[in-house]
Chemist: 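Take this structure first; my questions come after.
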Amino acid sequence: MNENEDDVTTFCDSASSLVEGCRLPVRMQGGDDWPLAEIISIKEVRGQRGYYVHYVDFNKRLDEWVGESWLDTRKVQFPRGDGTSTAGTTTPKKTHIGSGVPVGTFQSLTVEPRQLVSRPASPTLGNESSSLVNGGAVLAAALQKKMNRKRKANSLDNDCEPPEDSEVVSGTATPTTRPRTSGSMVAHGHDDLVTRMKNIEMIELGKHRIRPWYFAPYPQEMVNLVCIYICEFCLKYRKSKKCLERHLIKCKLKHPPGNEIYRKGSISFFEIDGRKNKCYAQNLCLLAKLFLDHKTLYYDTDPFLFYVMTEFDSRGFHIVGYFSKEKESTEDYNVACILTLPPYQRKGYGTLLIEFSYELSKFEGKTGSPEKPLSDLGLLSYRSYWAQTILDILISIKPVGDSEKPIITINEICELTSIKKEDVISTLQNLNLINYYKGQYIISVNQETIQQHEKAMEKKLLRIDPKCLHWTPKDWSKRAKCV
């Protein structure tokens with residue numbers, strides 16, 4: 001090893017040269033894999049350095065704090081001035097701006113391997129890093145006057161305190177007076193340091209303790225806590241178990257504050273008007289944001305209906321998941337946001353929520369589609385539902401008259417399922433069921449596809465029974481004129 005190599009090894013082995021934006025292999029929790037990760041933030045607590053990392057090409061819900069021994073500094077990609085990374089052997093410059101991200105061109109350092117010890121527990125940085133994570137505190141102060149005026153105007157329950165009456169987009173705020181362009185949670189285009197980091201350590205909802213996946217703009221005093229306690233019936237949040245117990249003595253709700261429009265067995269659906277039950281709707285959106293990364297909160301819930309699915313037992317109706325829906329959608333969206341809470345995932349509840357949304361569309365006599373973009377899990381659920389529903393139709397249709405083969409059009413499939421035309425076509429293409437033959441499109445289903453579908457349907461124990469839905473669609477355009 002020559003003298004230059006020694007200098008490089010010494011420089012990177014202590015990890016003291018690492019800065020926010022660096023990319024390097026990091027050992028992922030729960031396995032022996034070392035995927036490439038980006039350092040989002042660095043924090044020193046009691047002499048111990050912690051690194052908040054995002055695993056490149058992995059979902060953000062896997063982001064976490066790690067210790068120095070979890071990092072493989074043999075190959076480090078330092079960020080350029082424009083935030084990208086590059087490779088090479090140049091020592092980084094020490095010029096800094098703002099939050100400490102170096103300026104200039106930084107290149108990869110290749111060093112001798114060091115001893116990689118077993119991965120220790122994550123450094124406890126939840127409380128100490130709150131000043132960094134809660135950059136929205138400045139935002140809250142700036143909007144305090146507007147928030148107070150809004151609360152007085154709406155005469156909300158004094159016990160209900162949503163964070164800010166604004167749309168939070170990447171750490172900035174836009175007052176709700178500007179035209180709304182999307183759902184109760186709107187798709188965001190980019191992230192900043194604040195929204196890229198989880199800020200809530202744990203929530204307790206009923207009998208479940210759940211680790212959040214993503215950032216949610218809860219009030220600053222909440223994010224310093226080990227756990228946030230949420231009433232599972234009204235969704236108000238409390239700082240401690242004792243505060244929640246005092247709240248439960250006063251809280252008379254045993255189900256969501258709306259009309260029960262469906263019940264079969266232990267499953268019920270409640271319809272909540274975002275204007276009449278503003279506090280509940282806002283807290284529901286806030287809770288959902290912990291598990292939805294592709295959406296940003298929008299606190300004007302008036303234009304939305306919320307359909308909450310619950311599971312009933314002797315203690316009450318416990319929230320399983322929900323979807324929101326615009327009262328009037330110019331783009332025929334039948335779902336704005338949709339979520340199954342983590343304790344109930346992989347049990348068929350997600351598909352049940354989707355199926356219920358299309359049953360409502362059938363009652364309305366419309367075709368519908370979910371608002372885009374969908375989360376990764378949401379997209380998988382929708383593709384599965386579309387495939388199973390369309391195959392059900394194709395397999396069950398019979399030949400008409402003298403025709404040897406059944407005949408059905410795309411428009412007829414849309415009418416029978418209420419699935420929008422583009423979703424039907426994309427599903428048929430994904431399943432390789434649509435072919436162009438002698439000047440026309442032919443849908444063909446082979447025996448193997450039928451067998452796979454039948455096996456999938458055998459496992460599908462939960463289904464929506466339209467006979468149990470007691471609901472009448474409302475004409476919101478007329479209601480708006482009356483108001």
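The chain is numbered in sequence order, starting from 1.
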Chemist: Give a yes or no on whether a salt bridge exists between Asp63 and Arg196, defined as a side-chain N under 4.0 angstrom from a carboxylate O.
Modeler: no
Chemist: Is it the case that more than 12 heavy atoms not belonging to Asp313 sit under 6.0 Å from its CG atom?
Modeler: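 Counting neighbours around CG of Asp313, more than 12 heavy atoms of other residues, nucleotides or ligands fall under 6.0 Å, so yes.
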Chemist: Any ion pair linking Arg61 and Asp376 (charged N to carboxylate O, less than 4.0 Å)?
Modeler: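 Looking at Arg61 together with Asp376, the answer is yes, because their closest N to O distance falls below 4.0 Å.
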Chemist: Check the orientation of Phe58 and Tyr55. Use parallel for under 30°, tilted for 30 to 60°, and perpendicular for over 60°.
Modeler: perpendicular
Chemist: Between Glu355 and Arg463, is there a side-chain N and carboxylate O pair less than 4.0 Å apart?
Modeler: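 Yes.
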Chemist: From the options Tyr307, Phe317, Tyr322, select the one residue that forms a ring pair (Phe, Tyr, Trp, His ring centres under 6.0 Å) with Phe270.
Modeler: Phe317
Chemist: Is Glu359 salt-bridged to Lys362, cutoff N-O under 4.0 Å?
Modeler: yes
Chemist: If we count only N and O atoms by modelled type, under 3.5 Å, do the side chains of Glu20 and Tyr52 hold a donor and an acceptor together?
Modeler: no
Chemist: Going by an N to O cut-off under 4.0 Å, is there a salt bridge joining Glu271 and Lys474?
Modeler: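 A salt bridge links Glu271 with Lys474.
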Chemist: Taking 4.0 angstrom as the limit, do Glu232 and Arg315 come out as a salt bridge?
Modeler: yes
Chemist: Taking Lys420 for its side chain and Tyr333 for its backbone only, find out whether a donor-acceptor pair lies under 3.5 Å.
Modeler: no
Chemist: Looking at the rings of His318 and Phe233, which for Trp means the six-membered one, are their centres under 6.0 Å apart?
Modeler: yes
